[in-house]
Amino acid sequence: MHEFMDVVRHYATFTGRARRRTFWMYILTGSLLAAGLALIDEALGLRVSTRLDDDGLLVSLLTLALLLPTIAVTVRRLYDTGHSGSNL
């Protein structure tokens, strides 16, 4: 959880490096949060439509909130592996 909060605190930092553990713990924690919110969406009936592949309201808000931090940590991880993040 520490790695997740560290990435969110530096949500728009595209310079520097992100360790492998930081990147994957961020992805894992974000996925677990999305799965939990999907269950809450389903229980509360907050799905936008009846299609199974549509996200609910809470998952959509989480996705929107984590969009910039996800791009930033991905770019920093690419820098750490010796690749350019400018091709994203």
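Below, each value reflects all heavy atoms present in this structure, side chains not excepted, and no hydrogens, waters or symmetry copies.
- No continuous path of ILVMFWY side-chain contacts below 4.5 Å connects V7 to M25, so the two sit in separate hydrophobic clusters.
- Residues satisfying the ring pair (Phe, Tyr, Trp, His ring centres under 6.0 Å) test with F4, not counting sequence neighbours, are Y26.
- Applying the salt bridge (Lys or Arg N to Asp or Glu O under 4.0 Å) definition to pairs two or more places apart or across chains, none involves residues 61-76.
- Taking CZ from R9 and CG from D6, the interatomic distance works out to 5.5 Å, rounded to the nearest 0.5 Å.
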Name the atoms and distances for all side-chain donor-acceptor pairs under 3.5 Å in residues 14-24, with sequence neighbours left out.
{"from": "R17", "atom 1": "NH1", "to": "Y79", "atom 2": "O", "distance (Å)": "3.0"}
{"from": "R21", "atom 1": "NE", "to": "E3", "atom 2": "OE2", "distance (Å)": "2.9"}

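- Evaluation of the salt bridge (charged side-chain N to carboxylate O under 4.0 Å, His left out) rule for R77 yields D80 as partners, not counting sequence neighbours.
- Side chains of L66 and V8 form a contact here, defined as non-hydrogen atoms less than 4.5 Å apart.
- When hydrophobic clusters are built by joining Ile, Leu, Val, Met, Phe, Trp and Tyr residues whose side-chain heavy atoms come closer than 4.5 Å, directly or via intermediates, L62 is grouped together with M5.
- L68 and A12 get closest at one heavy-atom pair: CD2-CB, 4.2 Å.
- The side chain to side chain contact (heavy atoms under 4.5 Å, CB included) search around I40 returns L37, L44, L58, not counting sequence neighbours.
- Once rounded to the nearest 0.5 Å, the distance linking CG of L67 with OG1 of T63 reads 8.5 Å.
- Atoms CG and CG, on L28 and L33 in that order, are 9.5 Å from each other to the nearest 0.5 Å.
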